[in-house]
Structure formats: C-alpha cells, structure tokens
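Encoded as structure tokens, the structure appears first; notes follow it.
Sequence lines set the chain letters: A, B, ... in the order given, protein chains first and strands last, and positions in each chain run from 1.
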Amino acid sequence: MNDLELITALKSGPRDHDAALIFIFESAKIKNPVMAMLRAKSLSRDDCNILWTDIVVKFALLVRSGKYKHQDKMVGFIKNLGHFMALNYLRDNKKTRMTDSVEDIYFEPVAKSASLYHRELKELLEDQLVIVGKTCKDILLMWANGYSMQEIMTNLELVSLEATRKRKHICMKKLLANINNNSQMKSILDDYRNDLYN
Amino acid sequence: MNNNKIENIVNDLLYEASARKTIKKSRTKVIKLNVKILSAIAAGFILMTSVYFLFKTEQINSYQDYAIEAFEFPVISKSRSAESNIVDDYLSQINAKIFEKVLPLLTGDNLTPKDLFVKANILFSNGQFQECRKILDSVNWQNTDFNDGANWLKFLLAYSDNTDNSSLKKMLEKLNSKHQREAMLLMSKRD
C-alpha cells in the first residue's frame, strides 16, 4: 500500500480503515524512523512502544477528520507528530530530554495542537467508558470506528435496529453527562486550545 | 465551551480508543499466531525426535537380531583334563540346547573357565547380554578355543550395541578366520 492508498483507506469504512491502521502500525518503513527518533530522546523501549501506538492512532484521527493534508510527506508528518507527542510524554512523566538529534523537525501546528493533553484525555475517557459499562463502551467504540447500526446490532447481538439506535443515543448522553459532571475532565476540555476545533 | 464542541472532542476520543483497541487486537492475534507457530515447531521437533529414537531403537533391535542369528552355540566336548567341570555332566543337554537344568547350577565363585564359557554362551543365547558381558570381561581366557569363542561373543555384543565400525574393525583382528568372515558379513549389513 502506498501513502495515498493508506490515506484513502483510513477515510473509508471500518474494514479498509482497520487494515490501513494495522499496516501503518506494523510497517517498518514508517515505524523505524519514528522509533529511532523516539529512542534518540532517551525513551525506554516500553515507552517508545506505548508512544508508537498513540502516534499511529492520532495520525489516523487527523486523516479521518480531514486535518491532515497529504503532500507526499506522510512519514515526515508522522515523525513530527511523534516529536510533539514525545515532548508531551516526557513532560507528563517529568523526564528530561537527553538529546534531540532530529534536525528535520519542522513546526507543524496541526501535529503540535493534536498532541496536547493527549495522555490526560486518553486516561480520563478510559475511566468514563468504564463507568458507562461494557455494552455502552462497545457500542460507542464501534460507532466511532464507523460501523453501521446494523453491524453494531449483529456484532453485539442486540434485539433490533431501533433498540441499537436508542441504546447508542442513551450511552452517548450518559457519557457526555458524566464528562460534564467531571470537573477534572471538563477543565482539561476547556483548556484544550485545539486548533482542530476552531 | 458549548456542548456541541465537547461532543466533537468526545467523538474523536472515542475514535482514538476504538483505533487503539483495533491495534491491540491485531497484536494479540500476532502473539497468538506466534505461540501457535512455536507450538507447531515444538510438536514437530518432539515428533521428529520420537521418530528418530524409534528408528534408532528399531535399528538396534535389528542389529541384535542379526547378532543372535549369526551366533551358533559352540559344540562342547568332554574335558580331558583333571579339572572338574559342572557342565561335563550335562553335555548332552547342552549340545541339544536345553539349558534349564544346567544354568541354575552355574553359580558361585568356584566355576571353572569351561563352566564360565558355557554359562556366557547360554546367557548370550538367552539374550542376557549384560550378564554375558560381565563374565567375558572378568575372565582371562587361557584356552585358545575359549578365547576365540569369547572374542566372538564380545564382537557380537559390540555389534548389537551399535558400536561404530572402526571399533569393530579393531576387534576383527582378535577373531579367528571363520568368525572374521561372519563378522565382515554382519558389518556389511550396516552399510
């Protein structure tokens, strides 16, 4: 798969999307330069692996939301995104960066803003998803991944299409209410000066 | 921040969680696949090892069969010396290859070389190779016939134990010409 095919697949339905996502995650051509850059920041192998998953996921989100503009520099963009995410990761873990050998890093506002508050939001959402329950979590995650109501109904063995729609609506409402009632998460969201949403 | 904006961010966060789950699932599949491959390799290795040992055991059994086939119980004659041998009283039975009565009598430390030689041959013909080897190694055979017979038995034991051909060739030198020919025939069955 070339870069353009990957971008197209990431914007497609869940099956093509998942295949492209896994391809990027496992592709040595994309992964190796990013991992080398992360390792150069004195991050441990485990930290690098955690970050690599987050970088791929964040990149897929930017593609899907149309914020990534493809200009034949996909690996470069992922590397930039990785750079900003590594800085935030080091900040969150209060680690000092030992070296910064990446000279080809360029300022990328989209990559920078997308990586802000990443860890906090990720962890807080995970907590909230546990609170809403397993079925709600599964419905919301499948829906977010682009599965149709029919597919969600079949996959999760729900009674009817109408019940699935209702269930998804109730779950989303519940999740949003919980987030609004969670002062910590609310404050992070309020501080989330993300250019993506402006 | 209005609710709509929060919902947009939450949708994106949900998408990220879902993508993370997809990656995790694919990695679990790879690990499971690796475990399956490793298990298959281990099972294959065990199978190959079992087949190898089975083949080896079969081979050793067939060498033992060849050795027993080549073995011929020597004709035992009455001694002319003054030595008193237990076996002399059972010569007809021994030469008829009936050992039930004489074998239990061949015990103790006072057995003569002739008694021991007969006992070693009986044990070999009964397939009691270890006991036979013990006797052969413990006696210094003075009599030429006994010495020839003992060397032949030693060769047959070594052959049935799958001793390598170079060691067997060294043993050939101690055999008489008749046994040498038989030994060469046996060794040719290995090639």
Note, A:Met172 side chain near B:Val10 side chain (heavy atom, < 4.5 Å): yes
Same apolar cluster: B:Tyr159 and B:Leu185, side chain cutoff 4.5 Å: no
Note, A:Asn145 side chain near B:Lys21 side chain (heavy atom, < 4.5 Å): no
Point-to-point distance, once rounded to the nearest 0.5 Å, from CG of B:Leu13 to CG of A:Leu124: 9.5 Å
Positive for side chain to side chain contact (heavy atoms under 4.5 Å, CB included) with B:Glu16, one of A:Leu141, A:Asp54, A:Val57: A:Val57
Distance, nearest 0.5 Å, that separates CD1 of B:Ile23 from CH2 of A:Trp52: 9.0 Å
Joint cluster assignment, A:Ile55 & A:Ile50, ILVMFWY side-chain distance < 4.5 Å: yes
Exceeds 12 heavy-atom contacts within 6.0 angstrom, atom CG of A:Asn181: yes
Sub-4.5 Å side-chain heavy-atom contact between A:Leu176 and B:Glu7: yes
Same apolar cluster: A:Ile170 and A:Leu140, side chain cutoff 4.5 Å: no
Single-linkage hydrophobic cluster, 4.5 Å side-chain cutoff, B:Trp152 and B:Ile68 together: yes
Heavy-atom closest pair, residues A:Leu125 and B:Ala17: CD2-CB, 4.2 Å
Test item: A:Arg64 and B:Asp12 side chains (from C-beta on) under 4.5 Å apart, heavy atoms: no
Proximal component of A:Glu26, with respect to chain B [non-hydrogen, under 4.5 Å]: side chain
Spacing of CG belonging to A:Leu21 relative to OG belonging to B:Ser18, to within rounding of 0.5 Å: 9.0 Å
Neighbour count >12 (heavy atoms, 6.0 Å) for atom NZ, B:Lys174: no
Distance in Å, A:Lys58 NZ paired with B:Tyr15 OH, rounded so as to fall on 0.5 Å steps: 11.0 Å
Euclidean distance, A:Ser65 OG relative to B:Asn11 CG, rounded to 0.5 Å: 11.5 Å
Within one Ile-Leu-Val-Met-Phe-Trp-Tyr cluster: B:Leu91 and B:Ile98, side-chain cutoff 4.5 Å: no
